[in-house]
Protein chains: 2
Amino acid sequence: MTEKRKAHQASAGSKRAILEAVLSRAVEAGYEGTTMADVARVSGLPIGSVYWHFKNKEQLFVELLDYCYEVWQESTAPVRDMRELLHNTISRSAAASADLADPAAAFWSIGLVFAFERRLEDNLARQRYLEIRRKMFESVTSLLRTTYDGVPDDVAAELAHDMAVMGRALTDGFRVAAAAGDDTDFDRYASLTADALESLVASRLKEYAHV
Amino acid sequence: MTEKRKAHQASAGSKRAILEAVLSRAVEAGYEGTTMADVARVSGLPIGSVYWHFKNKEQLFVELLDYCYEVWQESTAPVRDMRELLHNTISRSAAASADLADPAAAFWSIGLVFAFERRLEDNLARQRYLEIRRKMFESVTSLLRTTYDGVPDDVAAELAHDMAVMGRALTDGFRVAAAAGDDTDFDRYASLTADALESLVASRLKEYAHV
DNA sequence: GTCTATATGAGGATAGAC
DNA sequence: GTCTATCCTCATATAGAC
């Protein structure tokens, strides 16, 4: 029994080690660029163990996305308004490039690779990313909706949707900038972005009031 | 001579056919996903010919980017202001997803794949894309600069830089949306985007006038 | 559960006849 | 310049001892 216990007790730790390993490689090299041999080497385990814990590469990435998203959710304090939201996500674009080992920061950057690789069309990990992307969008939309007081529901809904679309485009765009190595002060542009969207909301609300 | 001419005369056409082939594959599958065998098959030429015309896959993509960029430049009428610029680039994001064979529309979408694949760090095609990306940014910045009248040079320069950064983020962001398959009305958001940035410029200029 | 050896297949690239 | 056959490398995945 002692022998057997020793062989089995490392299991949870090993799985975690493998996920950390694939994370560090994935941020660096993307999906195609990350090899199972790499993962094994970085995790310190033989490749056989990797396949014992995960069915295949595809499934490994599905669980990586779940893992990252979980950490991201836990580590992200609830935000109150659009400005705070934009600041968090855009500043974090820079962080994701700098601190490659932070799952929470890495999640969205890894995801974008899946958005662009159409070859991965029916890859489960890609679908997982798109699913989380949608979920995220819905949650942002309903958050924003609560911030517009004193306007009819349908107006608030449309406004929230528009701001969510533009906020998403902007945060994705700055992630591209980070990936392309553009020399950008993300804090500064997080503020400018918030200014721009807020003034857009203001003029829309004003327009509505005049009707 | 007749024999020899026949063997040689197809050369220019073949090269072009190969570029068209790699374009159609690249938009679909990205860099890694495009195989030399694919390219040969689609172009209708044997793989040996592909390697006769191009040194290797890397060089093939370098010339593809040059080719696309050239077509893009020729087919793009000079724009007069930010609104027109945003409309052109953002609406074209949708076009790039729809009309995969249009080199002009495809250029920026293919480029983004290179931005994200860090594995391709010293890939010449990636560097070519980043080079054109920088060139594009400079040209947009100087265009915008001419649209701010009656303000000191340094203010206009800063404003133009900021707008170019945000415009780039927005267009990249909407390209991501197109790649991720988000259900987005690009025409509508091109307008909203222009509204947002214009109101930001207005408030900045007003701020300056008060000093 | 861990680890080694290896099967299998795909893709980039070349040789050399025509 | 075109085309075929083939080499070589590398990555996913499995078999099977421990």
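Side chains are part of it too, since the values below use all heavy atoms of this structure and drop only hydrogens, waters and symmetry mates. Here is the naming used below: chain letters follow the sequence lines, and residue numbers restart at 1 for every chain.
A donor and an acceptor atom, one from each side chain of A/N56 and A/Y51, are nowhere located under 3.5 Å apart. No side-chain donor-acceptor contact under 3.5 Å links B/D81 and B/T147.
Nearest nucleotide to the side chain of A/K57, out of D/dA13, C/dC3, D/dC3: D/dA13. Comparing D/dA11, D/dT2, C/dT4 by their nearest atom to the side chain of B/S14 picks out D/dT2. Comparing D/dC3, D/dA13, C/dC3 against the side chain of B/S49 picks out D/dC3 as the nearest. Comparing C/dC3, D/dA13, D/dT12 against the side chain of A/L45 picks out C/dC3 as the nearest. Nearest nucleotide to the B/Y51 side chain, out of D/dT2, C/dT2, C/dG12: C/dG12.
Both A/I47 and B/E32 sit near DNA chain C, but only A/I47 has its closest nucleotide nearer the 5' end.
Judged by the 6.0 Å distance and 45° axis criteria, A/K15 is not positioned over the aromatic ring of A/Y67.
One can place OH of A/Y31 at 9 Å from P of D/dT12, the figure rounded to the nearest angstrom. As rounded to whole Å, 5 Å separates atom P of D/dA13 from atom CG of A/N56. Between the P atom of D/dA13 and the CG atom of A/L60 lies a distance of 10 Å, rounded to the nearest Å. If you measure from atom CH2 of B/W52 to atom P of C/dC18, you get 20 Å, rounded to the nearest angstrom. We find that CD1 of B/I18 is positioned 10 Å from P of D/dC3, with the value rounded to whole Å.
Ring orientation note: the planes of A/F116 and B/F116 are close to parallel, at an angle under 30° on the 30°/60° scale.
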